[in-house]
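The block underneath contains the structure these notes are about, expressed in structure tokens.
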Amino acid sequence: MIEKKWENVDEVHEHAKKAVNKRIRDLICEETLSKYYLHPNNKGWIGNAIESDWFGIPNNNRGEADIPYLGLEIKVTPIKKTRNGWSAKERLVLNIFDFNDEYKRSFEHASFVEKAELTELMYYEYLVNEESPDLYIKAATLFDLKKLPEEDMLIIKQDWEKIVEYILQGKAEELSDSLTKYLGATTKGAKSERNMTKQPFSEVMAHRRAFTLKGSYMSQVAKKIMTKNHETERVIKSNHELKVNTFEEIIIKKFKPYVGKTKKELAQLFDIDIPEKNDKASSALLAKRMLNLDSSIDDTEEFKKADISVKIVTVESKKRRTTEGFKVMIPGQSTIDPTKLVKENWEDSSLREYLTSYQFLLVVFEKRKANTYFQGVKFWRVPYKDLESNIRISWEETKQIFKRGVTLEYKKINKATSTGRLYQVTNNLPGIQQGRILHVRPSSRLANYSKNKSLSVKLPSKSIWMGRPKKTDWLEGTGPNINVAEELSDYYMTKQTWWLNADYMYEQVSDIVEDYHYYVDPE
């Protein structure tokens with residue numbers, strides 16, 4: 001093909017806008033379309049097709065901008081419509097960086113800043129089960145990294161400094177998206193020998209990485225482009241604060257005046273009613289009022305862009321545990337899907353992806369006799385050593401059990417359940433009693449081993465039943481009107497989810513509880 005010569009950036013942008021509300025098949029030639037049907041799973045097909053056929057740019061592997069003489073990159077990226085508005089499906093890759101070079105730079109000369117190209121961002125709407133040629137372009141915009149809001153660049157600078165700090169400490173292999181807010185150091189390619197590289201302050205080989213703007217950050221960019229008057233509340237009102245303190249320091253400082261106060265005292269201070277019984281909802285309400293917010297903390301601009309999840313943690317110090325564990329809520333995956341789990345490897349698993357990408361703000365309360373005290377907050381992510389040892393072991397064991405077939409044991413019980421059932425079924429999945437960090441726990445409100453969309457999940461392998469009776473035990477007049485083979489099936493079990501143990505979560509916040517005890521009058 002003959003490469004098209006563009007006069008200027010505006011000409012490219014105007015041409016990009018002409019593609020809006022058109023199907024991808026209407027932007028490309030028949031030859032390119034036929035290539036899709038030969039290899040429909042080629043993830044790069046949409047981008048390559050539009051670059052070559054709509055913009056006249058031959059596909060290549062050059063290490064420069066798509067239109068180098070204009071310093072312009074073309075990026076065709078998916079967005080999806082959710083109940084919360086538009087969301088980006090991908091992070092924005094900026095550049096692959098060199099551990100042996102990056103630490104020598106200042107932020108002003110960081111590799112991704114120096115190599116930053118103007119990007120023509122074209123959004124297409126991702127739809128499940130829709131063929132790529134039938135997807136529609138929804139928007140086209142010029143994205144300039146150097147023109148991001150000042151408050152965002154200040155946080156990105158702090159992120160870059162955190163990444164460089166890890167390189168200087170010889171911990172490049174421990175980098176993860178959960179360490180930073182907007183700017184990620186994201187792995188490139190599978191963890192194979194070819195994708196491993198040397199780092200300057202350690203003999204340990206580290207996975208190659210690229211600077212990226214996280215998917216959560218790009219989702220907020222997409223929302224502003226796709227939604228008129230999209231405004232969200234900010235936690236940090238003044239950019240000056242970010243020039244003298246880190247994002248985390250600012251947030252922790254805002255909570256500090258309230259440390260040591262009981263929930264009742266905080267409720268009186270903020271003139272709100274809370275129930276007598278300690279509950280998460282009232283704790284979350286108090287937390288947002290401590291930050292002087294109208295919306296929830298999770299819904300603020302900074303927390304959405306950084307994908308920081310707020311978790312209420314209540315501890316019982318005498319028992320050295322939290323009142324409950326930490327339920328792992330993977331977006332788009334409310335419970336474990338065993339059929340998908342058995343096909344995953346650890347490096348690319350949804351659990352590892354979640355725990356290495358997400359950061360949490362733990363809002364810590366402590367139960368002491370009749371009162372519940374606010375003890376402080378902590379930005380937390382799962383430590384690398386825990387993730388790659390204890391947690392990985394439980395994940396691997398769970399995978400193997402599902403692969404071989406879950407052992408299910410039928411046991412009679414003396415006291416009937418609320419539904420009249422006089423039996424319980426136990427399984428051999430890693431449980432809390434094994435004392436590991438991660439365990440598996442039932443997620444459904446009722447136990448169920450039949451085909452039931454709301455209560456049970458399909459298994460990839462036939463389960464191994466022990467003690468399955470010819471007739472199940474129920475109180476008279478109760479029980480399902482189905483046979484045992486359906487009620488206690490071979491290929492369904494109660495939905496399950498991941499949990500981090502309560503004693504482990506206490507260890508993660510014990511420093512806060514112990515450090516701040518002096519704020520509370522001794523009992």
Side-chain angles (χ1 to χ4, degrees), residues 1-62 64-94 117-144 189 212-213 215 218-228 230 331-332 340:
M1 66 173 288
I2 299 173
E3 184 171 356
K4 180 174 175 57
K5 294 296 180 184
W6 297 93
E7 292 295 323
N8 50 52
V9 170
D10 287 340
E11 184 188 11
V12 179
H13 182 49
E14 288 304 313
H15 189 65
K17 289 196 290 185
K18 290 176 184 176
V20 175
N21 294 325
K22 288 186 170 66
R23 289 184 307 172
I24 289 170
R25 68 166 62 245
D26 298 327
L27 306 176
I28 60 177
C29 67
E30 284 298 321
E31 183 184 351
T32 303
L33 185 61
S34 64
K35 288 180 181 177
Y36 167 77
Y37 290 106
L38 287 173
H39 304 285
N41 294 322
N42 180 359
K43 291 183 179 179
W45 179 83
I46 292 178
N48 289 335
I50 290 176
E51 284 181 19
S52 64
D53 292 12
W54 188 247
F55 290 103
I57 303 168
N59 296 152
N60 63 80
N61 293 315
R62 295 179 308 207
E64 58 184 356
D66 292 315
I67 309 178
Y69 53 91
L70 296 179
L72 183 65
E73 189 76 23
I74 306 293
K75 182 77 174 177
V76 186
T77 187
I79 55 173
K80 59 181 178 179
K81 205 166 192 176
T82 69
R83 61 184 180 183
N84 297 318
W86 291 98
S87 171
K89 279 196 90 261
E90 297 175 351
R91 50 176 65 88
L92 181 66
V93 178
L94 302 175
E117 305 283 1
L118 191 62
T119 301
E120 180 68 50
L121 265 184
M122 295 183 71
Y123 289 123
Y124 67 89
E125 183 177 6
Y126 170 81
L127 296 170
V128 179
N129 299 324
E130 194 75 49
E131 291 187 334
S132 295
D134 294 321
L135 300 175
Y136 279 79
I137 300 294
K138 303 300 290 185
T141 187
L142 281 170
F143 181 83
D144 190 345
T212 63
L213 288 177
M218 294 310 296
S219 285
Q220 297 309 302
V221 172
K223 279 187 173 72
K224 288 192 175 182
I225 292 167
M226 299 297 296
T227 311
K228 290 182 179 179
H230 174 75
K340 290 182 180 178

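The structure displayed is predicted, hence computed values, not measured ones.
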_Looking at every non-hydrogen atom in both residues, tell me the closest pair between K4 and F55 and how far apart they are._
CB-O, 3.9 Å
*Determine which pairs satisfy side-chain hydrogen bond (donor to acceptor under 3.5 Å, both in side chains) with at least one residue from residues 118-130, sequence neighbours left out, and list them in order.*
H13-E120
*Could you check V9, V12, I67, L70 and say which one makes a side-chain contact (heavy atoms from CB on, under 4.5 Å) with L118?*
V9
*Under the side-chain contact (heavy atoms from CB on, under 4.5 Å) rule, collect the residues that match up with E30, sequence neighbours excluded.*
L33
*Kindly give the heavy-atom pair with the smallest separation between M122 and A19, and that separation in Å.*
CE-CB, 3.7 Å
*asked:* According to ring pair (Phe, Tyr, Trp, His ring centres under 6.0 Å), does anything in residues 65-94 pair up with another residue at least two apart or in another chain? List the pairs.
replied: none
*In Å, rounded to the nearest 0.5 Å, how long is the span from CD of E73 to CG of L121?*
10.0 Å
_I'd like to check the side chain to side chain donor-acceptor pair (under 3.5 Å) partners of K17; sequence neighbours left out, ordered by chain and number._
E14
*asked:* Rounded to the nearest 0.5 Å, what separates atom CG in L27 from atom NZ in K18?
replied: 12.5 Å
*Indicate the atoms forming the closest heavy-atom contact of D66 with P68, along with that distance.*
O-CD, 3.4 Å
_Set of ring pair (Phe, Tyr, Trp, His ring centres under 6.0 Å) partners for W6, sequence neighbours left out_ = H15
*List in chain and number order the residues that pass side-chain contact (heavy atoms from CB on, under 4.5 Å) with D10, two or more places apart in sequence or in another chain; answer none if no residue qualifies.*
N8
*Can you find a heavy atom in the side chain of L213 that is under 4.5 Å from one in the side chain of F143?*
yes
*Got a sec, which residues hit side chain to side chain donor-acceptor pair (under 3.5 Å) with D26, two or more places apart in sequence or on another chain?*
R23
*Nearest heavy-atom pair of I74 and E51: which atoms, and what distance?*
O-OE2, 3.5 Å
*How would you list, by chain and number, every residue that makes a side chain to side chain donor-acceptor pair (under 3.5 Å) with S87, sequence neighbours excluded?*
S219
*Of all the heavy-atom pairs spanning T212 and V93, show the shortest one and how long it is.*
CG2-CA, 3.9 Å
_Show the nearest heavy-atom pair for residues G215 and R91, with the distance to one decimal._
N-CB, 3.6 Å
Return a table of donor-acceptor pairs under 3.5 angstrom between the side chains of residues 131-142 and protein atoms on other chains or two or more places apart.
| unit_1 | atom_1 | unit_2 | atom_2 | d |
| --- | --- | --- | --- | --- |
| E131 | OE1 | Y37 | OH | 3.3 |
| D134 | OD1 | R25 | NE | 2.8 |
| D134 | OD1 | R25 | NH2 | 3.2 |

*Can you sort out the partners of P40 under side-chain contact (heavy atoms from CB on, under 4.5 Å), two or more places apart, ordered by chain and number?*
Y36
_For the backbone of A49 and the side chain of S52, can you confirm whether one donor and one acceptor N or O come within less than 3.5 Å of each other?_
yes
*asked:* If I take atom OG1 from residue T32 and atom CG from residue N59, how far apart are they, to the nearest 0.5 angstrom?
replied: 8.5 Å
*CD on E90 to CD1 on I79, rounded to 0.5 Å*: 11.5 Å
*If you round to the nearest 0.5 Å, how far is NZ of K224 from CD of Q220?*
8.0 Å
